[in-house]
Structure formats: structure tokens, C-alpha cells
Engineer: 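Next up is a structure, given as C-alpha cells.
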Amino acid sequence: MYTESQHIEFKPGFNEDVIETLVSFANSKGGRVLVGVANDGAPVKGFTIGQESIQQWLNEIKMKTQPAIVPDADVIEYEGVAVVELKVQEYPIKPVACRGKYYKRVQNSNHMLSISEMVNLHLQTLNTSWDAYPDPDPTHTLDDISWDKVQKAMDMMKLNGITINETALQFLLKYNLIRDDKLTSAAYLMFKKNDGIDSTIELGRFQNFITIKDTARTQSDILSEIDHVIDFVKKHINKEIIITGEPRNTQKWQYPMEAIREIVINMIIHRDYSAMPDSVVKIYNDKIEFYNPGKLPDEITIEDLLSNNYKSTPRNKLIADFFKHLGLIEKYGSGIGRIINYFEAENLPAPEFKNISGGFQVTVFAPAEEEDTKESTDVVENDTKVGEKVADVVENEKSVVEKVGEKVANVVEKEKRVGEKVANVVEKGKRVGEKVTNVVENEKRVGEKVANVVEKEKRVGEKVANVVEKEKRVGEKVANVVENEKRVGEKVTNVVENEKKVGEKVANVVEKDKRVGEKVANVVEKGKRVGEKVGENSTKNQNLILKYIIKNHNISSKELSAIIGISARKIEKNIAKLKAKGVLERIGPDKGGYWKVLSQ
């Protein structure tokens, strides 16, 4: 007696369930349906096969499937009873639909495909993947990627011995990162200039399942995200310094960092970037959880993964291939084995792998610790954070001191120059005073000579005395000049001080003008983007309608309304506009027909 399995299904009679099962087999590895057999595997009593029955069934199967499938039909003996065997092979072009619905075989039941599963199944039949097609956001252009990041990738390849003589643009074309003159999803994700939600990885340090101690988020290009995630992990795990007696001591992390890096790279390569959830990394005292949207393919089980009994099928073939050229991965399908070996080498518990919530999760476990060591973990982390904050404050203070020092040095230099000018004035005054002193001395000697002259010359002496008096007043005037020059020096010092204050005010004004300029630049940039969006041929809602119709040609207005978040009436209006533009066409009736996108 047979039992239902991945490739066998029992049906007591022919109905639409039979067709759905045949579609599931066609989208998987093939199989057969035994019509006339109950679910428990026993033949149905009284089951009969009419002369025209089988042909009618085949016609109905052909009419209700797209692309049309025609199974092999035979009447076989099953436990002494004649039953009908409908057999179908795996269909080469997938997915196959039954009345607009898509199924695949999972163990012994039929599973309805999600939109992303349908897309991936179709891409697999074309031996390609989602990331090799133009980026789904039509606003992304070559201006949205960083050419410095492209050049950095080229330099990494050169270090791996790959000869590159092309320009950056030719390089992207050579590695199929530009398709139909548009960026592929792989190119945008690896080289995007600005952060975006399409590559978000949430990072968290948890005290327990509900208490979060630290969080971070990275939304940059996926090549940079490797270091972002690893740096966050290092920040929140323990590190042991082992004194070996050698000139340099050995550092040992709480987890083997080679394995952590392998897990992070696998997360980024195999993530389902078309899915809504984000990747998440949760760090606890005793374990780290790495969650990624996109579960294992149905044909690969956890047991296959652990025993290395599977064929690697990267979800994002273009990204995986490019990472291999960069030297970030060695070969497909070897990462899980290396991760397990790294933990075995450190005598650590084996990592746990499982499908969960539409995604895949890897959990690694820390070595068993003494109780006081676990308690000290939080203290070390707190001290580390305090140290980091103190370092930031010291760095800021250092910057302030340096700036103040520069300003003080400028002021001192100006004061020095003023002092030199004052010293020059004083020196001139000194020389004038010396000249006056010499004049007085000469006149004194003249006076002495005059005194020795006959009394008659007394009047001459008096005249000379008058001259001396005049010279004295000249000396006093010179002293006044020196005093005035001193006050001038003080005024110059005050002017320098005022100029310093004016300079500081000017610096503040310049800084404010700089910030105003940045705001104006941001406004201009936003205006530019708004202008670009306004200049598009279709509205945002019409682009979204086309996007989801491309994914599902049988989608209804009601389903579009629920997905996009606008009323069904607005959906109909936008569809009418798209039809008027010659972008969209309805093939067949409202029920049973489908949409056809003519151009975009």
C-alpha cells in the first residue's frame, strides 16, 4: 500500500483539488495523483471510470492551468481495484498556476506560493536571480551610487590578483551590474551613496528578553554593513588578554570572530531583499541571534545543512558572485561547515540553525561562565561606555583648547607687533632725550666758560640760561611725547582687543551663514528631487500599481487597494489613466482575465 508523500497524493474523485495538486507537482519535482483512493490509502468502494471521463478530466486540467499542463493518464490496478493515475513531470518554465493561483509541494501537502516565492521560482527557471534585474525603484540612477565605493571594490579585486583595466563604468558593465542601461538591484545595494531602508539591519544588546541596553541601526551599502555589524558585536562581547611571554599578548574574544564574520556575510548575501522584514542581530549575555528574512529553500532541510548534503543555491547570485571576486567568501556552500568547525575548535556549543517566521536564524552560544563573571559583564560594559563618553568629552575639550590656543596665539602675536611699535617709539624718544641731555651738557660747559669770562658777559650767561630753559622745556615736551606714545600703545592694545571681539563675532556670523547655506542647499536638493518626481510620466501610485501587476498579472483592484493603501475607486482611476497612456491593457474578462504591461 502506498502512502501520501512528496510525490504521491490520494483523491477519492476528480475535482479542482486534483488540478491544484498536479500544479504543485509541476512547480516542484513532479509526482502523481491516484484518483479513486481515499485519504487513508484504501480504494474507494464503488469507484467507476466512464468511457469519456479521463479525456474530460485532461481537457479540464488543460483549460484551468497556465501554462497549460497535460498529465500522463493511465488506468492501473491498486489493491485489486481499477483507479486512475495522473502523472506530471517537473515543468521547465515555472511557476504553473491553477485558475490564477500558484502552489508547490511541501512534504505531503500543497502550499500556496507568496509573491516573492513566485518571483524567485520564475527566476530560478531562467538560471538568474532577483538581484540581477534592474532596481525596482525607477528613481534610482547612476547618480545614486558612490563611485568611490566602486573604485574601492576594484582595488580589493586587484589585491586578489584580478586584472582590472576598465573604467569604473566599464567595470560595472563587465560584471553585469548595469542591465538595459539601468542599475541592477545588486549594484544599488552594494554601492548606494546614501543610507536607505532597503538594507536595514537592526542591532541590539539585551539584558534579557525585554530589557534593551543598547541599540543601533545600519542602512548603508551592504559591503559597509559587514564591518558595521561586526563592530557592534565586538563592542558588546567580552575580550580576554592572554599573556604568553611573547612581545605581543594574545587577544581572545568570547566568540570565534572568524565564525561571526562568516555568519554576517552569509546573512547579507542570502537575505531576501524583496521581503518587508529587516535583518536583526540580538546580543544577550550568553548567546547571539542572527535573523534574516528569507528561509531555506524547501528542498534543503536543516539536516542537509548540518551534514553538508545539499547543493548551494544563492538567493542573490550576482551579489554572491561579486563577494567571491572580492575574496569575502571562498566557495559556495562551504560557509556553514566552517562556522561549525570554528566553534568546535574553541570547544564551544554548536550553533543552532532554524527556519523561523518566514526567515532563517542562526544562534551562537557563549562558553559557560562563573556567576561572578556574568555579573561583571554588565560592569565592564558600563565602564566601557563611560570610558567612551569620557574620551569623547576629552576629545571635544582638546578641540576647544586647541581653537582657543590658536586665537590666543594670534592675539599675542598682534600684541607683540604693537609692543614692538611702542618700543620703537620709546627708543626714538630715548635718542631724542639723549640728544637733549648732550645739548644741556654742552650748554653747561658753555655756561662755565661764560662764568669765567668777565662779569660783563653776565648777560650772555643769562641768555645762555634762557636757552637752557628753552631746551629744558623741549625735553619736557619730548617726555610728554613719550607719555603720549605710551597711551597710544595702550589704545592700540584696546583696538586689538576690540578687533579680537569683532573677529569672534564675524566667525559666529560666518558659521551661521554656513549653516544657512547648508539648509538652503538641502532645500535646493529636495526641490530638485521633487522636480524630478513631478517630471515623471506616472504618479507614485501608478508606479506602485504597475510594480505589483508585474509581480502578479492576475491581481485584483481590491488586492491593489489593500497593498498600496488607497481606495479601490482611486485604484480604478489610476488604472484608467495607465490604459489611456498605453502602458496597461486588460486581456480577457474581469474574471478569468489578466493584466498586460505594454511599456513603462
Side-chain angles (χ1 to χ4, degrees), residues 6-9 11 14-35 52-74 84-106 109-130 132-134 136 180 274 297-299 313 315 317 545-557 559-560 583-600:
Q6 179 84 17
H7 306 288
I8 297 177
E9 177 87 356
K11 293 298 179 184
F14 182 83
N15 54 28
E16 196 161 299
D17 289 345
V18 173
I19 304 177
E20 290 179 358
T21 300
L22 290 171
V23 166
S24 297
F25 287 146
N27 287 329
S28 303
K29 299 296 182 181
R32 54 183 177 154
V33 180
L34 300 183
V35 182
E52 304 296 330
S53 296
I54 296 178
Q55 188 58 47
Q56 290 174 354
W57 295 353
L58 294 177
N59 288 336
E60 186 174 347
I61 293 169
K62 182 178 179 181
M63 292 294 294
K64 291 184 176 181
T65 56
Q66 186 184 11
I69 59 173
V70 180
D72 295 329
D74 291 303
V84 178
E85 179 189 65
L86 298 175
K87 187 175 182 180
V88 67
Q89 301 293 328
E90 180 179 0
Y91 203 74
I93 303 298
K94 305 181 188 72
V96 179
C98 172
R99 295 175 65 86
K101 296 181 180 179
Y102 299 83
Y103 302 87
K104 69 177 179 179
R105 193 70 172 175
V106 179
S109 62
N110 302 327
H111 169 73
M112 185 178 290
L113 294 173
S114 66
I115 293 176
S116 62
E117 286 175 323
M118 285 188 289
V119 171
N120 288 332
L121 190 60
H122 179 65
L123 293 174
Q124 287 173 13
T125 64
L126 302 178
N127 195 29
T128 185
S129 57
W130 171 87
Y133 282 81
D180 298 332
S274 64
D298 292 322
E299 62 271 17
T313 54
R315 177 174 280 106
K317 290 186 177 181
I545 289 171
L546 288 175
K547 173 182 175 182
Y548 290 109
I549 284 177
I550 289 171
K551 291 183 178 178
N552 181 5
H553 287 185
N554 300 100
I555 195 168
S556 66
S557 298
E559 290 172 328
L560 285 170
V583 176
L584 188 63
E585 180 182 354
R586 181 67 181 183
I587 306 299
D590 290 343
K591 293 187 177 180
Y594 62 94
W595 295 107
K596 181 177 181 182
V597 178
L598 303 177
S599 62
Q600 189 173 358

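Index from 1, following the sequence. Just so we're clear, the structure is a prediction, and the values are computed from it rather than from any experiment.
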Engineer: Would you check if the side chain of Glu9 reaches a backbone N or O of Val18 as a donor-acceptor pair within less than 3.5 Å?
Structural biologist: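 Flag not set: sc Glu9 to bb Val18 has no pair under 3.5 Å.
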Engineer: With heavy-atom distances below 4.5 Å as the criterion, would you say the side chains of His122 and Pro95 are in contact?
Structural biologist: yes
Engineer: Looking at Ile8, is its backbone amide N or carbonyl O close enough to the side chain of Arg105 to form a donor-acceptor pair, meaning the two atoms are under 3.5 Å apart?
Structural biologist: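 Looks like yes, one N/O pair under 3.5 Å.
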Engineer: Quick check: are there more than 12 heavy atoms from other residues, nucleotides or ligands sitting under 6.0 Å from CE of Met63?
Structural biologist: no
Engineer: Please confirm whether the backbone N or O of Asn110 pairs with a side-chain atom of Ser24, one donor and one acceptor, at under 3.5 Å?
Structural biologist: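 No.
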Engineer: Is it true that, when you exclude Arg99 itself, more than 12 heavy atoms of the residues, nucleotides or ligands shown sit nearer than 6.0 Å to its CZ?
Structural biologist: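 Count not over threshold, so no.
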Engineer: If you take all heavy atoms of Lys317 and Ser129, which pair is closest and at what distance?
Structural biologist: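 Scanning both residues, the minimum pair turns out to be N-OG, 2.9 Å.
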Engineer: So, His553 side chain and Lys596 main chain: donor-acceptor pair closer than 3.5 Å or not?
Structural biologist: no
Engineer: Taking everything shown except Glu85 itself, do over 12 heavy atoms lie less than 6.0 Å from its CD?
Structural biologist: yes
Engineer: Should we count NZ of Lys87 as having more than 12 external heavy atoms under 6.0 Å?
Structural biologist: no
Engineer: Is any side-chain heavy atom of Ser274 closer than 4.5 Å to a side-chain heavy atom of Val119?
Structural biologist: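 No, every pair of side-chain atoms sits at 4.5 Å or beyond.
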Engineer: Would a 4.5 Å heavy-atom cut-off, applied to side chains only, mark Glu60 and Phe14 as touching?
Structural biologist: yes
Engineer: State, with a plain yes or no, whether a side-chain heavy atom of Trp595 is found less than 4.5 Å away from one of Ile550.
Structural biologist: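 In short, these two side chains do not touch, never coming nearer than 4.5 Å.
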